[in-house]
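Treat the numbers as computed from the prediction; the structure is a model and nothing was measured. Just so you know, ligand 1 is whichever comes first in the structure, and atom 1 is the first atom listed for that ligand.
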Amino acid sequence: MTVPFELVARGKVREVYAVDDDRLLLVASDRISAYDAVLPTPVPDKGRVLTALSVWWFEQLGPVLAEHGAEHHLLAAGDALLAEGVPAELTGRSMLVRRLEMLPVECVARGYLSGSGTQEYQRSGAIVDVPLPAGLVEGSRLPEPVFTPSTKAEVGEHDEAIPFAGVVDAVGADRAEALRSLTLALYRRGAEIAEQAGIVLADTKFEFGILPSPAGAGPLVLGDEVLTPDSSRFWPAITWSPGAPQPSFDKQYVRDWLTTSGLDRVAPAPELPEAVVAATRDRYVKAYEQLTGQHWT
Ligand code: PZK
């Protein structure tokens, strides 16, 4: 699909285009990654489902942002994008957003112990500078959600957890405190909504920016995609059982198939069987329907 705008950034599974000086178009693809590789087989509707979920979450989180004097970057999505020259094939998986000065930190909130958080905890009893109680295991619910920021890694590298002082160095003390407070408030609200829908929101990553301004003291603006399975860990609440890795709500069929085929560590990543693709598409649609209470069309 050719897009009539200049490409300004490209991630593993999505692209960013410049619409004009003030606005960007975020386009989500149907590509899926697993074990750090982008698979050659797309998952039909994944880009549209994740875009619809993000748009829904921006609406849900409006009150939390307002309480903190913050905003979000979403301007328009869906059919409204036709008027901006977005091709009809892309409107369903595109968001028109305000162009921000992005802050150079990943704002991670964790309510459960998992992945790199568990590794750090087993090594030191903490996640960088955030102490945790003894006796936690992979999948444990934390006594309180924690802010565990990371640096934005270069392409092909992994994000690296940093202490709060690293956020202060990067954005200043006042803005660092505001990022921590807002990140935790957004996570708490998101996790509460997800829990009511039978989904554990184990952790998530937010990205914030500020509006370009000469003074440079504008409000924090929530950017990127929000609370999607690509920026978060979603676990089915029904199978949550601390002590072992939890099945992923969306990618478990893909991971299981790659592992049982012995293809989880091979390059290039293999094509997925049709049944695995179909089951995975169903999981994304199910996540959307379960969270929003709306029927996927
Ligand atoms: C922006 N990224 C990350 C990389 C992606 C996304 N509102 C904004 N203003 C300015 N820059 C960005 C945003 C947003 N969101 C975010 N890169 C630029 C990124 C690769 C693919 F979809």
When you pair each N or O of ligand 1 with protein N or O atoms, which pairs come out under 3.5 Å?
unit_1	atom_1	unit_2	atom_2	d
ligand 1	7 (N)	H73	ND1	3.0
ligand 1	7 (N)	R98	O	2.8
ligand 1	9 (N)	L100	N	2.8
ligand 1	15 (N)	D224	N	3.1

Query raised in the report: Is it true that R141 and E195 make a salt bridge, defined as a side-chain N closer than 4.0 Å to a carboxylate O?
Result: yes

Requested in this report: Taking only Lys NZ, Arg NE, NH1 and NH2, and the carboxylate oxygens of Asp or Glu, determine whether K205 and D224 approach each other closer than 4.0 Å.
Outcome: no

Requested in this report: Would you mind checking if E144 and R188 are paired as a salt bridge, meaning a charged N to carboxylate O distance below 4.0 Å?
Outcome: yes

Query raised in the report: Salt-bridged, E106 to K152, with N to O below 4.0 Å?
Result: no

Query raised in the report: Are R281 and D30 close enough for a salt bridge, meaning some N to O gap below 4.0 Å?
Result: no

Query - N-O pairing of K286 and E289 below 4.0 Å - result: no

